[in-house]
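Everything quoted here is computed from the prediction, not taken from an experiment. Residue numbers start from 1 in every chain, and the chains themselves are labelled A, B, ... in the order their sequence lines are given, proteins ahead of strands.
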Protein chains: 2
Amino acid sequence: MDLTERKRRILRAIIESYIQSAEPVGSKAIAQAIGMEVSSATIRNEMADLESMGLLEKPHTSAGRIPSPKGYRLYVNELMEEHKLSLQETERINQALRLKMQELDRVLDQAGRVVSQLTNYPAFALSSGMDRVTIRRFDLLMVERNAFIIVVMTDSNIVRNRLIRLPSDLTEAQLQMLNTLLNTTFTGLTLEEITPELMRVAQHAAGDAYGLISLVVSFAIEVLESLERRTVHTSGLAHLLELPEYRSLDRAQPLLSYLSEDADPARFPVPKDDPMKILIGPENVADALKDTSVVVASYDIGDGMRGVIGVVGPTRMDYAKITARLSYLAEGLSRLFGQGELPDGRNDHK
Amino acid sequence: MDLTERKRRILRAIIESYIQSAEPVGSKAIAQAIGMEVSSATIRNEMADLESMGLLEKPHTSAGRIPSPKGYRLYVNELMEEHKLSLQETERINQALRLKMQELDRVLDQAGRVVSQLTNYPAFALSSGMDRVTIRRFDLLMVERNAFIIVVMTDSNIVRNRLIRLPSDLTEAQLQMLNTLLNTTFTGLTLEEITPELMRVAQHAAGDAYGLISLVVSFAIEVLESLERRTVHTSGLAHLLELPEYRSLDRAQPLLSYLSEDADPARFPVPKDDPMKILIGPENVADALKDTSVVVASYDIGDGMRGVIGVVGPTRMDYAKITARLSYLAEGLSRLFGQGELPDGRNDHK
DNA sequence: ATTAGCACTCAGAGAGTATGAGTGCTAAAA
DNA sequence: TTTTAGCACTCATACTCTCTGAGTGCTAAT
């Protein structure tokens with residue numbers, strides 16, 4: 001059986017109605033939506049066909065039809081019209097980019113927050129853990145006789161610092177020596193390359209100052225570790241409860257706990273080749289997401305790394321609107337990072 | 001009518017049973033809990049008295065009794081026994097302090113996360129915005145000809161940094177000059193004291209390099225602003241839904257939206273004089289919290305500043321357990337910060 | 001002061017019924 | 001061959017009614 005133009009129109013009308021109302025759609029309503037060119041009986045026949053093609057489903061005999069995941073897929077691939085962002089929408093996103101990014105101190109993670117506010121769905125943001133990060137340079141700044149600041153900068157242009165206080169005093173000369181030693185011995189090394197042997201070598205070279213060396217190096221290790229670690233941030237989980245499909249706690253609970261707090265980054269889908277990906281219901285690998293859809297977009301954060309933001313919702317989510325907003329935001333983020341100037345001080349990528 | 005010893009025992013038994021089960025407590029159950037010294041009829045009489053004293057309530061005629069807020073208050077003040085933390089519990093908290101604090105990069109905010117995991121209730125953490133922060137020193141570190149790192153340190157020993165890239169090149173001498181100018185002109189100033197006039201003066205002094213000055217100063221302003229701003233972080237909101245009183249979404253929804261995301265710090269109670277405060281039901285100012293209880297504790301973050309962590313839950317929350325855990329954690333945090341060594345690099349307080 | 005006994009209350013569960021939106025099928029009309 | 005009107009059928013939902021049992025307050029006896 002082939003998908004005539006009329007069938008497509010009907011399918012699209014059904015999906016768009018269902019996206020709006022979350023209620024099964026009946027033949028009569030569609031007849032009207034289509035424009036009364038045919039009667040509801042005809043629509044019924046068509047709907048029966050669409051069902052046998054696997055594009056529609058019936059919650060029970062005497063309800064209307066709802067789209068199947070396959071139906072949504074067809075819709076997303078072929079039927080869906082690009083949602084044009086209104087001036088207000090783009091303005092709102094731009095504002096979020098400008099304002100929020102200045103306010104929030106961990107841009108990467110907090111991008112998720114913006115997404116969730118923008119879409120009114122729960123959102124997540126992944127920081128893509130980097131491989132093989134190394135320290136490019138160390139700087140030690142004397143503050144008082146017994147305190148100094150460590151500043152380390154990685155090869156991916158991330159800068160981190162820490163204030164260290166010491167029980168004993170310290171001369172400018174010592175610090176200078178330390179600085180040289182660090183920059184000659186510990187730059188350009190990955191986490192694995194900082195071995196105990198290396199530390200022993202450093203111990204020989206440094207003598208008394210070895211205690212200081214190990215303080216600085218363990219800070220460097222912390223920095224490298226934190227950068228290699230991938231992290232998830234979820235936000236707007238409460239939005240889930242606003243949706244009719246999650247009014248019942250039994251439905252909401254498992255999804256919430258899947259998403260909440262210390263979620264495992266590996267559980268979240270990431271777009272591979274394309275900048276954006278839509279996963280509908282069972283297309284998701286994770287069991288907890290089998291009844292939900294996920295839209296993910298990635299954005300450029302410089303140095304060839306990509307950040308990921310995504311939205312989670314019921315399969316009937318408004319794909320057109322969400323994808324439009326998400327991709328606009330992702331583009332904005334890419335631009336922001338691509339320019340080489342991060343608004344926040346503690347996360348500097350090129 | 002006075003509160004005899006027996007009445008107190010009965011009240012306590014009722015409250016502790018209700019805390020456990022969330023079900024109205026009947027006279028028979030209490031007779032048993034007390035030890036069968038008296039019959040249920042006697043308990044009923046006592047309960048009637050307790051009710052007329054405003055310590056108990058009836059959801060309806062033929063249910064058992066539940067404690068009133070006044071009852072909880074009495075319990076908390078006089079009846080409650082100190083909950084002794086078990087070895088496992090203290091160990092768990094210590095571990096959270098050690099481990100989590102190293103992992104998480106924004107200790108202050110993330111303290112809330114630990115609380116929520118520790119108590120299984122939604123939790124919040126406030127960073128107490130500081131007054132009159134000033135920059136104590138600026139450091140500029142040359143990275144490449146067209147890039148340098150700004151490091152600023154505030155009078156409260158917080159260090160922040162940012163990498164700046166420039167379209168044009170820059171000499172070491174220029175940077176040196178800039179450094180001196182910044183450290184003579186812009187240190188020790190509060191946000192309000194950095195006026196346009198001051199900027200004009202700096203413009204005269206700096207000449208061509210003014211563009212750089214304004215870059216650095218606007219970064220400093222950002223830092224000062226971010227420190228003066230009080231922020232809330234809530235976590236573990238999903239725990240709310242595990243509680244029987246919030247199984248119905250209509251109850252949970254308003255509280256969730258009150259707590260969620262961009263909540264206003266001013267809405268959250270803070271302990272004033274004592275290190276810990278319990279607010280029971282209507283004792284809360286905020287309408288949305290009228291049916292809930294809040295336990296808040298503050299901890300020392302150095303430089304005379306205090307952080308606040310708190311737990312939100314139904315009025316029947318297990319005050320004994322929660323307060324014990326919260327205060328132990330708060331003490332641990334105070335110790336951690338008090339030592340002057342913060343585990344994370346980007347938030348250095350004394 | 002305590003207790004046994006008893007009538008009374010009332011939320012919640014379960015059963016039965018009505019409602020109506022929506023379907024599939026058939027047979028006639030286009 | 002396609003479309004349509006008509007009709008019997010389905011079934012989730014809402015509603016009503018009744019029953020049950022935990023729990024109460026009161027009274028009279030201990």
> Donor-acceptor pairs under 3.5 Å, side chain of residues 277-288 of chain A to any protein atom, not counting sequence neighbours: which ones?
unit_1 : atom_1 : unit_2 : atom_2 : d
A:E283 : OE1    : A:R73  : NH2    : 2.6
A:E283 : OE1    : A:I280 : N      : 3.0
A:E283 : OE2    : A:R73  : NE     : 3.0
A:N284 : ND2    : A:G281 : O      : 3.1
A:N284 : ND2    : A:L289 : O      : 3.4
A:N284 : ND2    : A:T292 : O      : 3.1

> Remember a base hit wins even if backbone is also touched, and classify A:E46 as base, sugar-phosphate or nothing at under 4.0 Å, heavy atoms.
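Since no nucleic acid heavy atom lies under 4.0 Å of A:E46, the category is nothing.
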> Take the C1' atoms of the five end pairs on each side of the helix from C:dA1-D:dT30 to C:dA30-D:dT1, derive the two axes, and give their angle rounded to 10 degrees.
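Rounded value for the end-axis angle: 20°.
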> Do the non-hydrogen side-chain atoms of B:L126 and B:V296 ever get within less than 4.5 Å of each other?
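When only atoms from C-beta onward are counted, B:V296 and B:L126 do not touch, as no gap falls below 4.5 Å.
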> Is any side-chain N or O of A:R44 closer than 4.0 Å to OP1 or OP2 of D:dT3?
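So the side chain of A:R44 is outside the cut-off, no N or O lying under 4.0 Å from OP1 or OP2 of D:dT3.
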> Using whole Å, report how far CD1 of A:I30 lies from P of C:dG22.
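Taking atom P of C:dG22 as the reference, CD1 of A:I30 is at 11 Å.
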> Rounded to whole angstrom units, what separation is found between the NZ atom of A:K58 and the P atom of C:dG22?
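It works out to 14 Å between those atoms.
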> Within a strict 4.5 Å, meaning less than it, do heavy atoms of the B:R6 and B:T42 side chains meet?
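They are in contact (side-chain heavy atoms under 4.5 Å apart), so the answer is yes.
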> I need the full list of salt bridge (charged side-chain N to carboxylate O under 4.0 Å, His left out) pairs touching residues 33-43 of chain B, with sequence neighbours left out, sorted by first then second residue.
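Every salt bridge (charged side-chain N to carboxylate O under 4.0 Å, His left out) pair that includes a residue of residues 33-43 of chain B, provided the two are not neighbours, is B:R9-B:E37.
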> Taking only residues two or more places apart in sequence or in another chain, which ones pass ring pair (Phe, Tyr, Trp, His ring centres under 6.0 Å) with B:F268?
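Result, ring pair (Phe, Tyr, Trp, His ring centres under 6.0 Å) vs B:F268: B:F124.
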> To the nearest Å, give me how far apart CE (A:M47) and C1' (C:dG22) are.
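Going from A:M47 (CE) to C:dG22 (C1'), I get 9 Å.
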> Could you list by number each residue of residues 15-29 of chain B showing a heavy-atom separation from DNA chain C of less than 4.0 Å, or answer none if no residue does?
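When residues 15-29 of chain B is checked for heavy atoms under 4.0 Å from DNA chain C, there are no hits whatsoever.
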> Within the supplied structure, the quantity of interest is the number of heavy atoms (other residues, nucleotides, ligands) at a distance under 6.0 Å from B:E91 CD; does it exceed 12?
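Above 12, so yes.
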> Across nucleotides 8-18 of chain D, 5' to 3', mark each nucleotide with B, S or - according to how protein heavy atoms within less than 4.0 Å reach it.
--BBS------
